Each structure stands twice: as structure tokens, then as C-alpha cells.
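In listed order, ligands and their atoms are each counted from 1. Here the structure is a predicted model, which is why all the values come from computation and not from measurement. All values below come from the heavy atoms of this structure, side chains included, with hydrogens, waters and symmetry mates left out.
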Amino acid sequence: MNENNTEQVTQKIGREIFENLHREEPHFWEAQWWERQTIEWLMNDADTKSRILRFIDVFPALRSDKAVAKHLGEYLPEKTDRLPPGLLVGKAVMESALYTPKAVAAATSLATRKIAGRFIAGSTLDETGEAVKTILARGTGYTLDLLGEATLSDKEADIYASRYIELVKHLAASRGDGDQRVNVSLKLSSLTPRFDPASPEDACSEAIRRIKPILKTAMATNASVNIDMEHFDIRDLTLKVFYTLLKDNDLEGWDGLGIVAQAYLADARESLEETLDMIEQSGRHVTVRLVKGAYWDREVVVSDQRGWPVPVHTVKANTDVAYENLSRMLIERSDIVTSAIASHNIRSIAKAIAISREVGAPQERFEVQMLYGMGDPIKKALVEMGIRVREYAPFGETIPGMAYLVRRMLENSSNESFLRRSFVEEAPPEIMLEDPAVKAKSRARPADQNKEVAEIFVNEPEPSFHKTKTRLAIDEAIERAPKTFGQRYNLLIDGNRIDTKELFASTNPSAPSQLIGEICKASKADAGKAIDSAAKAFGHWSRLGAARRREILSRAADIIRTRKFELAALQMFEVGKTRREAIGDVDEAIDHIEFYSRVGVELAEKKETQKLLGETNLGTYRPRGAGAIISPWNFPLAILAGMTTGALSAGNTVVIKPASNSAVTGALFVDILSEAGVPPGVVNFLPGPGEEIGQALVQNRKTSFVMFTGSWGVGASIMEKAAMNTGQRNGFTKVIAEMGGKNAIIIDESADLDEAVAGVVSSAFGFGGQKCSACSRVIVLKEVYNSFIARLVPAVESLIVDSPLYPQTSFGPLVDFAAKRKSESYIATGKEEAETLFIGDVKKSEGHFVGPAIFGDVPPLSKIATEEIFGPVLSLIRANSVSHAITIANSALYALTCGIYSRTPSSVQKFINQVEAGNVYVNRKITGAIVGRQPFGGFKHSGPGSAKAGSPELVKELMIPQSITENIVRHGFSPDLDS
Ligand code: NAD
């Protein structure tokens with residue numbers, strides 16, 4: 001049959017479905033009434049829709065009647081009669097004389113639970129059993145999905161897996177004669193807290209370890225288990241698990257396994273081809289559910305934030321076309337698969353039915369799947385036409401279920417939703433049955449829309465660990481890295497490499513006996529020579545012009561880009577970063593260089609300050625001269641490259657004093673600058689002890705500026721010494737200093753704990769807490785203190801502290817023995833000052849490893865709550881209110897980063913207005929600032945608060961602003977009047 005015939009049959013079947021729809025007005029006790037109402041409410045203006053969804057999202061977290069009433073008032077302050085009835089009653093009660101928080105809460109609770117009840121099949125096994133009976137009585141089958149919170153710990157993963165076993169057993173036991181097979185659907189990310197594409201082998205084996213008992217229970221009870229698809233970056237990992245299970249001999253003879261294909265993905269065809277091949281090779285029979293995809297918003301947002309190509313079709317009609325093509329691919333292989341066409345779109349369903357008739361697919365190898373509580377008239381019509389229908393029914397408690405609910409509501413009420421257009425807007429069948437290919441063509445994007453303009457700064461994309469290529473590249477770089485170890489690295493002064501008698505070693509903190517490199521140790525005399533060399537090179541470099549400087553620096557960024565994995569692998573050995581952190585550091589270095597070199601060009605232009613007749617007024621910036629760059633070890637490339645190229649792009653010349661623990665990375669960076677064409681003398685390299693070499697540079701009279709990033713103690717002493725260094729040519733030494741932090745995250749009672757716990761764990765323990773932005777205090781409101789701990793502690797217990805070379809490691813060693821001793825001593829202090837909640841034990845024969853530690857009920861002014869530890873030690877502080885929490889957060893001497901997890905608009909606003917921190921975050925982690933996006937730097941003891949890294953201000957601070965005024969009137973003649 002050709003496509004024309006298929007189209008005719010599709011139209012015929014589509015019309016038949018439409019004719020069979022039972023269009024009588026539903027009653028309010030019917031699911032359909034609620035569904036329709038919900039869509040109508042959500043078709044309010046975008047703002048009201050977002051407020052309703054946000055309120056429904058936070059509602060389950062609210063623990064008191066007062067809190068419910070307060071949030072209802074905050075989210076829906078204006079009078080509107082277009083609200084779900086319960087919310088409307090809640091609002092009316094609030095505005096009436098009957099107002100009590102209890103009455104408002106009761107009305108609101110009723111409404112929210114009513115809505116939830118329409119989409120969620122029950123919260124207990126018994127309720128679910130009842131829902132299953134109702135579904136079966138409708139003549140449809142079911143698949144049950146157990147809703148859950150995000151899995152943050154092994155403990156939660158174990159509980160989740162055992163609940164599935166219980167579910168399968170319960171359903172099997174209560175299955176009546178002639179009932180369909182028990183069918184459940186599950187998500188692999190719920191089966192391990194480490195379902196991480198960067199570590200596919202371990203993630204896969206952990207998921208398999210927990211799914212196998214579920215599958216064996218299913219096998220024993222002749223049930224089916226479908227593996228659901230989630231977001232794109234774990235798609236291939238999910239398939240890897242599925243392929244492994246296909247080959248598993250223990251599951252021999254069982255045909256109950258299922259998998260999903262998502263048509264909205266641009267590479268869906270290749271992926272489905274591979275899946276079908278694998279199924280064929282296995283000789284098994286499998287159900288493949290074809291969906292359009294439920295994570296569209298997330299995919300678009302995440303790819304935008306991470307700089308990845310958008311993995312999904314951005315035109316809805318293109319997804320619809322892909323869906324039809326994939327339906328054919330799938331149904332044509334009915335010899336090995338059962339096709340489950342999961343859609344509410346009558347056109348898509350009709351086309352799939354047409355194809356199944358055309359290819360003669362056996363009836364039992366074809367079914368339509370639809371969500372519980374949605375599109376019931378379509379289900380009924382299909383059943384009457386003899387088509388097998390299955391309902392996808394989530395069950396579970398309302399709290400974890402809300403995220404699901406919000407997603408479903410969003411989907412139903414989107415402009416492109418079939419249900420909205422068909423049932424609420426009542427678009428005619430001929431429109432709804434239109435071939436999507438027509439629209440797909442006419443709405444294609446103009447080809448040049450994605451073209452990048454080279455002049456615009458674009459952040460380096462995040463590493464795409466879901467791609468095999470990326471994983472192989474870093475693995476190979478790690479393997480190659482040791483071949484370069486043990487070399488000697490010289491000083492570089494005026495373009496000459498200088499060997500010294502005295503050397504110091506850079507070693508591997510995971511295995512301190514492994515030498516990374518031997519570094520020449522500069523003397524005070526060398527410091528003088530290096531500054532002389534930079535001062536001499538200044539004239540040429542500053543006159544070279546910003547555009548030419550940018551060319552050279554961009555070349556350096558390119559070299560780093562091509563050597564990205566090599567430079568990242570080096571950091572894994574030299575300072576113990578995990579692969580994700582190490583690549584992140586190299587990416588940030590590239591961003592800094594590209595960003596500052598553009599800013600340099602911009603600042604070099606003279607700009608008119610004010611238009612005036614007879615006078616020109618221009619503003620410009622001039623470089624300062626020769627300066628010292630004194631860098632820390634913890635971002636060995638990013639901070640060093642940022643400070644150096646910020647200075648160079650301005651036209652300054654520099655002497656680099658790298659941190660001793662990361663001196664090899666420093667040496668490689670200096671080589672890269674030379675290779676890129678930075679002339680001799682412009683960058684000098686002077687490794688050595690800070691107290692000696694750093695100090696000599698700061699006190700040299702030719703040093704025009706010092707850029708320092710490091711601890712407060714050292715920074716403060718540099719500022720003091722520089723202030724006394726007044727005899728030099730420029731009058732004084734300008735200091736730019738970025739220093740330490742004692743950063744806090746506030747958790748209030750409305751916080752989403754899934755997000756809050758994950759954000760705290762990542763902010764506090766990423767790189768073992770060795771980031772200036774790391775979270776070291778969590779200030780938790782008393783209402784949620786215990787529930788927060790109950791999830792945080794097992795999540796931290798599940799972290800893996802090991803060699804950073806293993807892909808699964810959460811964090812590696814601390815940088816040196818002194819750092820290890822310092823953290824251990826704070827842990828000892830913590831035991832005395834507070835309640836010990838958890839202290840991780842790391843069993844390693846060598847290396848500077850320290851396990852994570854959490855202390856509870858920490859007094860806000862105790863040592864562990866006020867001093868910078870720079871290790872994996874976290875203090876939990878209890879607060880009475882958001883205001884109290886902000887006061888505690890602000891009591892630190894530092895003011896670098898601070899965050900809040902809250903879904904209460906007034907609390908978020910209060911926090912933003914009152915918090916003392918340079919970088920303020922709401923509902924996300926507090927580390928990982930991105931160049932240009934989140935200019936980074938603090939005040940109080942964290943820095944002078946002016947030159948934020950990753951902002952144009954940094955380059956400005958490295959320059960001297962100049963204002964040029966010229967009187968252009970000559971004997972009464974003004975050229976600007978003449979033109
Ligand atoms: P550090 O202060 O010990 O050393 C920083 C640099 O200063 C090193 O190169 C060191 O050799 C040099 N130095 C030491 N004594 C000196 C002296 N007397 N005169 C001149 N230079 C001297 O810091 P670190 O251990 O390398 O890094 C960790 C610290 O850096 C933490 O406090 C952290 O919060 C801070 N840090 C801040 C930022 C930020 O942007 N605010 C970023 C990263 C790290």
C-alpha cells in the first residue's frame with residue numbers, strides 16, 4: 001500500500017474515532033469533568049497558570065494551616081474567579097468574615113487532593129487495587145508507575161526497589177481469573193543515587209543489581225515490567241541497562257520486558273533502529289512503548305544552560321511526523337515486538353492503527369496507551385472499535401506525586417496539546433486529523449537561525465558525559481598523563497628558561513609517592529629580575545593594541561580547547577579533582593580568556609561621555625603596568641588563566657607566582673601562552689614559596705598591581721604590604737583580592753527537599769569542600785530540620801570518596817597533608833561543639849583522604865560555624881524563622897556565596913533584600929558560577945567587593961580610567977556646528 005492509501009485509511013479511522021467519542025457533558029464526579037476544568041483553569045493567562053502550578057507544587061510541603069493560608073494569599077493575591085473550585089473556596093473563605101487558616105487549609109486541601117485524585121490512581125496498595133479493578137472494568141489494561149521522591153541515597157533506592165516487589169506481588173495475588181497480566185513501569189534513576197552517564201559501567205551494574213529481583217518477581221508471577229525513559233542525557237545509559245537485561249540468562253523464557261522510544265528526540269530513528277537490532281539479536285519478545293516525550297521543557301532548558309545542541313525537535317509538528325514514521329518502523333517489526341502507541345492524539349493513533357492493518361500486525365501485538373485520568377472518551381471509543389488500550393496509572397503519596405501532577409497539567413494545557421485543542425477549544429476533526437507533515441514543512445526553522453556570531457561571547461559547553469566520545473577522551477588522557485610525570489619545570493624570565501639548584505616537588509594527593517613534576521624554586525633576586533622583565537615588556541605589549549592582544553589570547557584559548565582532556569587529566573593527578581570538576585576547570589579557563597580578551601577590546605575604545613557643542617569629552621582606560629599574579633591551587637587553570645589574561649587583555653604585563661601544589665599546571669599554562677605568541681617578558685613564571693616570593697613581588701617598587709586569589713590571612717597581609725609600597729613610579733600598588741568564604745544555604749519549610757538535599761550535597765562536598773564558594777553551613781528552619789536530616793545523612797553516606805580517577809568517585813583526597821590535618825582537627829572540634837550526625841570513614845592506605853562529616857545543632861558562633869575549613873565538613877544550624885536564618889547567615893565575617901531553598905515568595909524576597917553575600921542563589925546550588933553569567937566575588941573578608949571574576953569590572957580594575965576633554969572651538973569657529 002502506498003502512503004496515499006495509508007493517509008486515506010488514517011482519515012477514515014480518525015473520523016470513526018471522532019464519531020465514536022461520547023460527547024455528552026460530563027458530570028463533576030467524572031474524571032473528564034475535572035480534566036476539562038483543569039485544562040480550562042490552566043488556560044488562564046500565563047501568569048495565573050504559573051501561579052496555580054507553583055502553588056500546587058509547594059502545597060504538599062506545607063505543614064500547618066497557617067502556612068497553607070499564607071501561601072495561597074501570596075501566590076494568588078488578586079481576585080479572580082477562574083480558579084479550581086477548592087482554591088476559589090479557599091480564597092473566598094480568606095476574604096470573608098469566616099476567615100480562619102484552618103478553614104482555608106481545609107478547602108484548599110480538598111481541592112488539591114481532588115485534582116491529584118483524578119490523575120493519580122491511589123496512595124496505598126489497597127486504593128490502587130481498587131483503581132485497577134475500575135480500569136479493568138472499563139475493558140482497558142493498565143501499567144502502574146510508583147511515584148517517588150528523587151532517589152538521593154542507597155537507602156532510598158533500596159526502599160523504592162522493595163516497594164516495587166511488594167506492588168507486583170500484591171497485584172499478582174489479587175488478580176482475578178481472566179484479568180490481564182500485571183504490568184508495572186519504573187524509572188532506573190530511582191534505583192540508584194548514582195545513575196550518572198559519566199560512570200556507565202557502575203551505574204548500569206547498580207541499576208541491574210536492584211532491578212533484577214523486581215524482574216524475577218515479575219517472571220515468577222508472569223507480570224510485565226516496562227523500563228520508562230527519562231531525560232536525554234541518561235537515555236543511552238537506560239538503553240545500556242536494557243540491552244544487558246536482554247542478554248541475561250536468568251530471565252530466559254520471560255517475555256514481560258518493555259522499553260520506551262521517544263519521538264521528540266532528533267536522533268530517535270537511529271536509536272530505535274539500534275534497539276530493534278538488539279531485540280532481534282536477543283531472540284526475545286519485547287514491548288516497545290512509543291511516546292512523543294514528557295521532558296520537552298527540561299531538555300530545552302538544560303541544553304541551553306549547558307551549551308549543548310537541543311536534542312529535541314523544536315517544532316511540535318516535526319515530532320508528530322517523526323512519531324508516525326517511528327510507528328511504522330515499530331509496527332513493521334511486530335514479529336519481535338508489541339507496539340504500544342502511547343498518545344492522546346487521535347491523528348497519531350489513527351495513523352498507527354492504519355499501519356497495523358496495512359502490515360497485518362497481529363491484534364495482540366498492538367495496543368494504544370493513554371494516561372490515567374486523561375482522554376477517557378478516546379479510550380472508550382477505541383475499546384468499542386476493538387483496539388487494545390492500556391492506561392498508564394501512577395500511584396503513590398500526594399507529596400511525591402505533585403511533581404508528576406504539575407507535569408501532566410502543563411502538558412494538557414500547553415497550546416499544542418491535542419486534548420486542549422480537541423476537547424476544550426473544540427477544533428473540528430478535519431483540523432485535528434490533518435497530516436502533520438504539511439505543518440512540519442511550512443514551519444521549518446530558517447537555516448541560519450542557529451548560526452553563531454563569532455564576536456559574541458559564548459560559554460564553553462559542559463562536558464557531555466552521555467557521549468561515548470567524551471568518556472573515551474578523558475579515559476585516554478588519564479592513561480597517557482603519567483608518561484609526562486617527573487619532568488623538571490624552569491622559571492621563565494624575559495623569555496629565558498632558568499634552572500635553579502633548589503627544587504620543590506608537586507605530588508599526587510591520592511598517592512603522595514607519585515611525583516607529578518619537579519619545579520625550580522625562585523629566589524628573591526629572581527623576583528626582582530622577573531618584575532624588571534615585565535616592566536621592560538610593558539611598553540611594547542601595551543602599544544600592541546587590544547585587537548592584536550585578543551588574537552593572541554584567543555589562540556591560547558584554542559590551544560587549551562584542543563588539549564582540554566590532557567589538562568583536565570593533569571589536574572586529577574596534581575590536585576585530586578574528579579573528571580567532572582577537572583574538565584569544568586579547564587572550560588572555565590577558556591571562558592575567562594575568551595571573555596576578558598573581548599572586554600579588553602571594548603575598553604580600549606574611546607567613548608564619548610557626554611555630547612556638548614564646542615567640546616569633546618571622551619572616556620578611556622589605560623593599562624597599569626607590570627603586576628604580580630598570585631594564584632591558589634584549587635582552580636589551578638581557571639583562576640590562574642582568568643587573572644593572567646584579564647591583566648594581559650588590558651595591556652598589562654605580569655609575573656605569575658603559581659600555588660606550589662599546582663605548579664605543573666601553572667607551568668603548562670605559561671608554555672601555552674608562549675606558544676600562542678605572547679612575546680618574551682610579557683608573562684614571567686616564578687614558582688616558589690608564597691611568604692618569600694609572593695611577598696618579594698608585592699613589595700617590589702615596580703609592581704603596579706597585585707592580583708591575588710587565596711585565603712583571607714594572606715590577602716589581608718598583601719593589602720597591608722601593598723599599601724606601604726608607595727615609593728614606586730605609579731604611586732601605589734593596586735590590589736585586587738578574592739578571598740575565602742564561610743557560605744550558607746538556608747532551607748525553609750516550603751523548600752523542595754529533593755532539590756535542597758541534592759543542592760546542599762553538591763555545594764558542600766563537591767571537590768571535598770575545597771572551593772571558596774562551598775557550602776559549609778546549612779541553616780534549617782526548625783519545622784523541617786528533622787526531615788531534612790533524615791534525607792541528607794543517607795545521601796552523604798552514599799557518597800563515594802576514592803581516587804578521582806574512578807568515574808564514580810564523588811570526591812577525592814584533600815590537596816595535601818596539612819589540609820587533611822586541618823579538616824581532621826575541625827572534625828575533632830565539631831565533636832565537642834555540636835552533635836555528630838555523620839563522620840565518613842575512608843579506608844585507604846595512602847593519600848590525603850578525609851571522609852565527609854556533618855554536625856547538627858551547631859551553635860552559630862562556634863568555631864566550626866565561623867572559620868573557613870576548606871574541607872568536607874558541614875555544620876547544620878537550627879533557626880526559628882527566615883529572618884533568624886538570615887541573621888545567622890550574615891553573622892559570618894565572610895560574604896561570598898549564600899543560597900536559599902524556598903517556595904515562599906515573601907521569604908525569597910526578604911532573603912534577596914537582606915543577605916550579605918557577593919553571589920546569591922535561589923533554589924539551586926551555590927557553587928559553579930559561570931563566566932559572564934554569574935560574575936563572581938564577595939565582600940567583607942571575602943574581598944573588596946569590586947572586581948568580580950567573569951565580569952568586565954575585573955579588567956576595568958586592572959586599568960586606569962582616563963577622561964579626555966578637548967576644546968574644539970577656534971576663534972569662534974566650532975567644527976560640530978559647521979557640519
Ligand atoms: P593561600 O592563601 O594559602 O595561597 C594563595 C597563594 O598565595 C599561593 O600562591 C601562595 O603561595 C601565595 N602566598 C602564600 N603566602 C603568601 C604571602 N605571604 N605573600 C604573598 N603570597 C603568598 O590559599 P590556597 O590554599 O592556595 O587557596 C585556598 C584559599 O583560597 C581559600 O581560602 C579559598 O577560599 C580561597 N579562594 C578564593 C577564591 C575566590 O574567588 N574568592 C577562589 C579560590 C580560592
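Within ligand 1, counting atoms from 1 as listed, the ones closer than 4.0 Å to a heavy atom of Ile639 are 42 (C), 43 (C).
Residue Val714 touches ligand 1 through its side chain alone, judged by heavy-atom distances below 4.0 Å. Contacts between Ile718 and ligand 1, counted as non-hydrogen atom pairs separated by less than 4.0 Å, involve the side chain only.
No donor-acceptor pair under 3.5 Å is formed between the side chain of Arg488 and the backbone N or O of Ile519. Put simply, the side chain of Tyr596 gets close to the backbone of Gly950: a donor and an acceptor are under 3.5 Å apart. The backbone N or O of Lys940 lies less than 3.5 Å from no partner atom in the side chain of Tyr894, so there is not a single donor-acceptor pair.
Polar contact with ligand 1: absent for Ser660 (N/O pair, distance under 3.5 Å). Polar contact with ligand 1: absent for Ser942 (N/O pair, distance under 3.5 Å).
Closest to atom 41 (N) of ligand 1, if we only count protein heavy atoms, is Met739 O, 2.6 Å. Atom 33 (C) of ligand 1 has Phe870 CE1, 3.3 Å as its closest protein atom, hydrogens excluded (heavy atom only).
Nearest to atom 1 (P) of ligand 1 by heavy atom, out of Pro658, Gly918, Ser711, is Ser711. The residue from Ser773, Ser631, Gly710 that puts a heavy atom closest to atom 8 (C) of ligand 1 is Ser631.
Taking the six-membered ring for Trp and the full ring otherwise, Phe457 and Phe595 have centroids separated by under 6.0 Å.
For Arg933, the CZ atom counts as densely surrounded, since its 6.0 Å shell holds more than 12 non-hydrogen atoms of other residues, nucleotides or ligands.
The nearest protein heavy atom to atom 4 (O) of ligand 1 is not closer than 4.0 Å.
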